[in-house]
Asks: 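I'd like to ask some things about the structure below.
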Amino acid sequence: MAEGHAVHGMAQRLRQLAGTTVRSVSPDGAFPASAYDGKRLVDTEAHGKHLLVRFDDIEGAVHIHCGMTGRVSTRRHRRALGDDGFPKTEPPAANGLRWRLLNRTHVADVIAPTICEVLNQEDTRALHARLGPDPLRDDHEPEPFFTTTTQSRRAIGMLLLDQRIVAGIGNVYRAEILFRQGIHPWTPGNRLSSTELAAIWSDAVGLMAIGLGAGWIVAAPRQLTEARELIDQGLPVPRWPKTYAVYGRRGKPCRQCGTPIEAARLGQQTAFWCPVCQPPRD
DNA sequence: TAAGTATGTTAAG
DNA sequence: TTAACCTACTTAC
């Protein structure tokens, strides 16, 4: 469930604890949480699907990656506070709770992550260095993505999932973006024009920004329009039924032309595409 | 109740 | 290329 938009959302919500002193515990003992107990959380940051959390007086950052099943849940609690300013009783814990941060108003749970580890400053730099530009970060520029893609014979569907080339796109966004751009997933990167690459990037920026604002992946044209309006007005976007164009729709008729959607393994995951709306290039 | 699948990634072979 | 890792949900029996 964690493509880049979801991780940025986790970072935003966890940021509600920034500037406060936190209680830090690891219920399963698999994270050295006591090092952060009583420290002030300084800030959070997302780069693609990676989440970083920084604390006062500690160099580097805590690095979290949710994988497919992990999540970071930040919520308000209303528990009675003890003399130390922290809740007297613990909010209920989910299965797989690896790391919990508490302050007087909020609880943040890191649940079943693939990675929850301590990085020093150099490791943190190395992490950023091995990730490509993130469409959801306004301090990132797409040029490295354009350059690598233009020089690569690998399929664009591979390149979009390669986090070294562009960070944050997952299997759903790959499928939906390539459909919207009419590009077959097996098209080699070096066969794409600069116009097409620019369109892929800006579509990723637009779609993922709406996904971040809505809290889920919105892809259907009508839902996109409506979600955009709600987000602009600062209103929550309800969880309408998900209607993807191609993702997960193997064998179902294309919503645009009726042709059955195709699906095949591309890299580690299944790619979905419409053979007519996304014609192969020869 | 068991098996299969998933919006992900790494390491082994 | 394959298996492994983690949890939650769906489907099959």
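Below, read A as the first sequence line, B as the second, and so on, with proteins coming before strands; counting in each chain starts at 1. The basis for the numbers below is simple: all heavy atoms, side chains too, and nothing from hydrogens, waters or symmetry mates. All values derive from a computational prediction rather than experimental measurement.
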Asks: Sub-3.5 Å donor-acceptor pair from the side chain of A/Arg281 to the main-chain atoms of A/Arg191, do we have one?
Replies: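 Answer holds: yes.
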
Asks: Work out how far the P atom of C/dC13 is from that of B/dT5, and round it to whole angstrom.
Replies: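 Their P atoms lie roughly 13 Å apart.
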
Asks: Rounding to the closest angstrom, what is the interatomic distance between B/dG4 and C/dA3 at atom P?
Replies: 13 Å

Asks: Want to know the stems of DNA chain B: at least 3 consecutive Watson-Crick or G-U pairs with distances under 3.5 Å, which are they?
Replies: B:1-6 with C:7-12, B:8-12 with C:1-5

Asks: Apply side-chain hydrogen bond (donor to acceptor under 3.5 Å, both in side chains) to A/Arg104 and list each qualifying residue two or more places apart in sequence or on a separate chain.
Replies: none

Asks: Using whole Å, what does the distance between atom P of nucleotide B/dT7 and atom CZ of A/Arg174 come to?
Replies: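 Checked: the CZ to P distance equals 9 Å.
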
Asks: Donor-acceptor check, side chain of A/Gln151 to backbone of A/Thr148, threshold 3.5 angstrom: yes or no?
Replies: no

Asks: Would you say a side-chain N or O of A/Lys49 is under 4.0 Å from OP1 or OP2 of B/dT9?
Replies: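 Yes, because at least one side-chain N or O of A/Lys49 sits under 4.0 Å from OP1 or OP2 of B/dT9.
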
Asks: Check whether any side-chain nitrogen or oxygen of A/His65 sits under 4.0 Å from OP1 or OP2 of B/dT9, and answer yes or no.
Replies: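 Answer is yes, contact under 4.0 Å.
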
Asks: Touch check for A/Ile217, heavy atoms < 4.0 angstrom, all strands: base, sugar-phosphate only, or nothing?
Replies: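 Base: the residue A/Ile217, judged by heavy atoms under 4.0 Å, touches a nucleobase.
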
Asks: Quick one: A/Ile64 CD1 to B/dG8 C1', roughly how many Å, whole number?
Replies: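 It works out to 16 Å between those atoms.
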
Asks: Is there a residue in residues 127-140 of chain A whose heavy atoms reach under 4.0 Å of DNA chain B, and which residues are they?
Replies: A/Arg130

Asks: When rounded to the nearest Å, what value does the distance between C1' atoms of B/dT10 and C/dA8 take?
Replies: 22 Å

Asks: Looking at OG of A/Ser26 and CZ of A/Phe31, how far apart are the two atoms once the value is rounded to the nearest 0.5 Å?
Replies: 7.5 Å

Asks: Answer yes or no: is there a side-chain heavy-atom contact under 4.5 Å between A/His47 and A/Leu52?
Replies: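 Side chain of A/His47 against side chain of A/Leu52, heavy atoms only: no contact under 4.5 Å found.
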
Asks: Can you measure A/Leu51 atom CG to B/dG8 atom P for me and round it to whole angstrom units?
Replies: 16 Å

Asks: To the nearest angstrom, how far is A/Asn171 atom CG from B/dT7 atom P?
Replies: 5 Å

Asks: With ring-ring contact (aromatic ring centres under 6.0 Å, His included) as the test, pick out the partner of A/His50 among A/His65, A/His128, A/His8.
Replies: A/His65

Asks: Report the distance from atom CG of A/Asp162 to atom C1' of B/dT9, rounded to the nearest whole Å.
Replies: 12 Å

Asks: Could you state the CD1-P distance from A/Ile177 to B/dT7, rounded to the nearest angstrom?
Replies: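 For the pair A/Ile177 CD1 and B/dT7 P, the rounded distance is 15 Å.
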
Asks: Output yes when A/Glu90 and A/Arg100 qualify as a salt bridge under the 4.0 Å nitrogen-oxygen rule, no when they do not.
Replies: yes

Asks: Could you grab the distance from atom OG of A/Ser152 to atom CG of A/Asp162, nearest 0.5 Å is fine?
Replies: 9.0 Å

Asks: Heavy atoms of chain A, cut-off under 4.0 Å: which first and last nucleotide of DNA chain C, 5' to 3', fall inside that, if you could look?
Replies: C/dT2 to C/dA8

Asks: Donor-acceptor pair, distance only, cut-off 3.5 Å: does the side chain of A/His5 make one with the backbone of A/Met208?
Replies: no

Asks: Rounded to the Å, how far apart are A/Glu176 CD and B/dT7 C1'?
Replies: 11 Å

Asks: Starting at CZ of A/Arg153, measure out to CG of A/Leu159 and round the result to the nearest 0.5 Å.
Replies: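 Nearest 0.5 Å value for the CZ-CG distance: 12.5 Å.
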
Asks: With side chains defined as the heavy atoms from C-beta onward, is the minimum distance between A/Asn190 and A/Thr150 less than 4.5 Å?
Replies: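 Side-chain contact under 4.5 Å: no.
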
Asks: Write down the distance between CD1 (A/Ile165) and P (B/dT9), rounded to a whole number of angstrom.
Replies: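 Spelled out: CD1 on A/Ile165 to P on B/dT9 is 13 Å.
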
Asks: For residues A/Leu119 and A/Thr124, report the shortest heavy-atom separation together with the two atoms involved.
Replies: CB-OG1, 3.7 Å

Asks: Distance-only, no hydrogens or angles: does the A/Arg13 side chain make a donor-acceptor pair with backbone N or O of A/Ala108 under 3.5 Å?
Replies: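 No.
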
Asks: For DNA chain B, determine which residues of residues 265-275 of chain A have any heavy atom closer than 4.0 angstrom to one of its atoms, and list them numerically.
Replies: A/Gln268, A/Gln269

Asks: Under 3.5 Å, sequence neighbours excluded: what are the donor-acceptor pairs made by side chains of residues 174-181 of chain A?
Replies:
{"from": "A/Arg174", "atom 1": "NE", "to": "A/Asn171", "atom 2": "OD1", "distance (Å)": "3.2"}
{"from": "A/Arg174", "atom 1": "NH1", "to": "A/Gly157", "atom 2": "O", "distance (Å)": "2.9"}
{"from": "A/Arg174", "atom 1": "NH1", "to": "A/Leu266", "atom 2": "O", "distance (Å)": "3.4"}
{"from": "A/Arg174", "atom 1": "NH2", "to": "A/Asn171", "atom 2": "OD1", "distance (Å)": "2.9"}
{"from": "A/Arg174", "atom 1": "NH2", "to": "A/Thr270", "atom 2": "O", "distance (Å)": "3.4"}
{"from": "A/Glu176", "atom 1": "OE1", "to": "A/Ala245", "atom 2": "N", "distance (Å)": "2.8"}
{"from": "A/Glu176", "atom 1": "OE2", "to": "A/Ala245", "atom 2": "N", "distance (Å)": "3.2"}
{"from": "A/Glu176", "atom 1": "OE2", "to": "A/Val246", "atom 2": "N", "distance (Å)": "3.0"}
{"from": "A/Glu176", "atom 1": "OE2", "to": "A/Tyr247", "atom 2": "N", "distance (Å)": "3.0"}
{"from": "A/Arg180", "atom 1": "NE", "to": "A/Asp203", "atom 2": "OD1", "distance (Å)": "3.2"}
{"from": "A/Arg180", "atom 1": "NE", "to": "A/Asp203", "atom 2": "OD2", "distance (Å)": "2.8"}
{"from": "A/Arg180", "atom 1": "NH2", "to": "A/Asp203", "atom 2": "OD1", "distance (Å)": "2.8"}
{"from": "A/Gln181", "atom 1": "NE2", "to": "A/Asp203", "atom 2": "OD2", "distance (Å)": "3.0"}

Asks: Between the side chains of A/Arg40 and A/Thr21, is a donor N or O closer than 3.5 angstrom to an acceptor N or O?
Replies: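 Judged by distance alone, the side chains do not pair up.
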
Asks: OP1 or OP2 of B/dT7 less than 4.0 angstrom from a side-chain nitrogen or oxygen of A/Tyr173, does that happen here?
Replies: no

